[in-house]
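Given the structure is predicted, the values throughout are model-derived calculations rather than measurements. We count ligands from 1, going down the list as the structure has it; atoms in each ligand are counted the same way.
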Amino acid sequence: MDRVIVFDTTLRDGEQAAGGVLNFHEKLDIARQLDALGVDVIEAGFPANSATELDAVRSIAQEVRRPAICALTHAHANAVDQAWEAVKKAAHPRIHVFLSASDIHLMYQLKKSRDEILDSAQEMVARAKQYCNDIEFSPMDASRTEPSYLYRILQAVIDAGATTVNIPDTVGYAIPAEFGKLISGICSNVPNISKAVISVHCHNDLGLAVANSLEAVRCGARQVECTINGIGERAGNASLEEIVMAIKTRKDLYDVETAVNARQIYKTSRMVSELTGFLVQPNKAIVGANAFRHQSGIHQDGVIKKAITYEIMDPREIGIPGSSLVLGKLSGKHGFQERLAELGYTLGEDALNRAFQAFKEVAAKKKEVNDRDIESIVAQERHSVAEAYHLDHIEVSCGDHSIPTATVRLIGPDGQALADAALGTGPVDAVYKAINRIVKVPNNLTEFSVKSVTEGIDAIGEVLIRIESDGITYSGRGASTDVIVASAKAYMNALNRLLQSKGRA
Ligand code: KIV
Ligand code: ZN
């Protein structure tokens, strides 16, 4: 059976999504998890973007050894050199050069002729080839590029050394049958195409990214570019988990396979959602909370009799925790640690102690602590940062006829207790204002969302926020059975991230 190469771009196109912010450690954590997931290529970033990005790509290249580590670059000599600088220590380095190819981009954005573009593409691929053998080239906006010109540019870059040619549907404009025809056309009209792998990179503006990618595979593409949970620029990229599970579930039709270990999908999806702050919609295929929940009585009856009646995939195949073993306030550290291991989490000693402490606090308030509560506790631990300020105490008073008032006490950088109070339009506003009076870092709250982790009135509430300061976005996460406390924790988490990145933690 033919292998389809899974090229994950969560750390590059995924992070490009509006409001996506990952710090250095989070990028490394995700790269390690993508390795466990079994992807073939990790596009770790765009090194010419910033020194921090170059540093993150370099660290991933040094540490994650099994998959190819790819750096994206635009067609500029310095950027190509920086891309190589970032991946040169990888066990399997790849440089990915991109340049716009459609007349729309050439006329209105680059103001260059087709021949000029073709020459630069060839020149930059040749430059990258001097450094490394594994070279990918993307003619950006390929799906809106005149096919005969696309064939010419592909032939030229393959002659210059490209080993993968990627066909991006940059603006998510293509329709499956048409995109498949484009791939078939490339197979039969680019004379040297047998020397390169055809890849596709589909965006989801019309909700067709996965459908287009799958049709391209049927027509000869052997690399798919995708992201976890489908995150990415605008409406996102093709979702990795949907492509992989479609290929697996319908192997009768596609007759290809991937090397992805599907059992790691759920864990990877949770991790990416927690670290990026992009929630997964409940009805999202494969990894959404409702993807395997049956509401109708007829469906429930069928599933009880034989799962295949209404389930085309086994949720355990995707790594969705099957058991709902419940822990409680009498559970000890050992039991907690065992449950973590069963769910696939291993924490270092300090992290384990903190997570156990959080578990005890939840168990004191909630009769039963189930797997989703535990996942939320682990997520909280993962999202933690070095704290310049620690939330020590919070008290609010509010109601329909009172002015919301909050008192907070923080432990500051030198260990001193700092207390203040403020009024607000609501209790969360009052808490944030009181915290601002102490921390004094100007910022704007740009996003605030709260969701309950489990059903029931005693559920843990998870708050995800984003704040912006000097044009940079920071995410924050907090969880508690009290949503005001969760909101305060999320704000402290975001502020500590901001302070850390400004070197003040
Ligand atoms: O969408 C796109 O065209 C891209 C390229 C850089 C491959 O992300
Ligand atoms: Zn893209």
Side-chain angles (χ1 to χ4, degrees), residues 5-18 20 39-49 53 57 68-76 79-80 82-83 86-87 94-106 108-110 117 120-121 124-125 128 134-145 149-150 153-154 157 162-174 179 182-183 186 196-210 212-213 216 221 223-240 242-243 276 278:
I5 297 165
V6 174
F7 175 114
D8 181 278
T9 182
T10 305
L11 293 173
R12 199 278 298 169
D13 218 328
E15 216 228 358
Q16 228 166 288
V39 305
D40 301 285
V41 187
I42 296 177
E43 185 162 62
F46 189 166
N49 251 349
E53 182 120 1
V57 178
I69 305 298
C70 174
L72 180 71
T73 169
H74 53 305
H76 274 279
V80 172
Q82 279 173 311
V87 293
R94 176 182 290 195
I95 299 176
H96 178 186
V97 184
F98 75 94
L99 184 56
S100 285
S102 68
D103 285 341
I104 300 175
H105 283 208
L106 267 53
Y108 298 113
Q109 193 179 11
L110 302 184
I117 291 294
S120 319
M124 288 307 128
V125 166
D134 189 353
I135 304 297
E136 173 166 333
F137 177 77
S138 291
M140 195 152 82
D141 205 17
S143 54
R144 293 192 299 171
T145 300
Y149 175 62
L150 186 63
I153 201 166
L154 294 180
V157 294
T163 43
T164 299
V165 285
N166 181 41
I167 311 304
D169 181 23
T170 304
V171 289
Y173 178 72
F179 197 59
L182 179 66
I183 302 302
I186 290 169
V197 173
I198 302 177
S199 167
V200 287
H201 174 110
C202 299
H203 278 272
N204 207 28
D205 301 65
L206 293 173
L208 292 170
V210 170
N212 283 332
S213 307
Q223 174 175 289
V224 283
E225 300 200 352
C226 41
T227 60
I228 303 296
N229 300 334
I231 63 170
E233 187 81 42
R234 306 180 311 281
N237 288 62
S239 130
L240 180 146
E242 292 177 24
I243 292 178
T276 56
F278 292 125

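Put simply, the side chain of Pro139 does not reach to within 4.5 Å of the side chain of Thr145, judged on heavy atoms. A heavy-atom distance below 4.5 Å is found between the side chains of Leu110 and Leu99.
Residues that satisfy the side-chain hydrogen bond (donor to acceptor under 3.5 Å, both in side chains) test with Asn212, not counting sequence neighbours, are absent from this structure. The salt bridge (charged side-chain N to carboxylate O under 4.0 Å, His left out) search around Arg94 returns Asp134, Glu136, not counting sequence neighbours.
Interatomic distance, His203 NE2 to Thr227 OG1, rounded to the nearest 0.5 Å: 8.5 Å. Note that the CZ atom of Phe137 and the OG1 atom of Thr164 stand 12.5 Å from one another [nearest 0.5 Å]. Thr10 contributes atom OG1, which lies 8.5 Å from atom CG of Asn237 (distance to the nearest 0.5 angstrom).
Pocket lining of ligand 1, defined as residues with a non-hydrogen atom under 4.0 Å away: Arg12, Asp13, His96, Phe98, Ser138, Met140, Asn166, Pro168, Thr170, His201, His203.
By the criterion of a separation under 2.8 Å, the protein N/O/S atoms near the Zn ion (ligand 2) amount to Asp13 OD2, His201 NE2, His203 NE2.
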Residues Ser102, Asp141; criterion side-chain hydrogen bond (donor to acceptor under 3.5 Å, both in side chains); working and verdict: CA-CA 6 Å; Ser102 68; Asp141 205 17; 2.7 Å; yes
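Between Phe7 and His96, the ring planes are perpendicular. Angles over 60° get that label, and only those under 30° would be called parallel.
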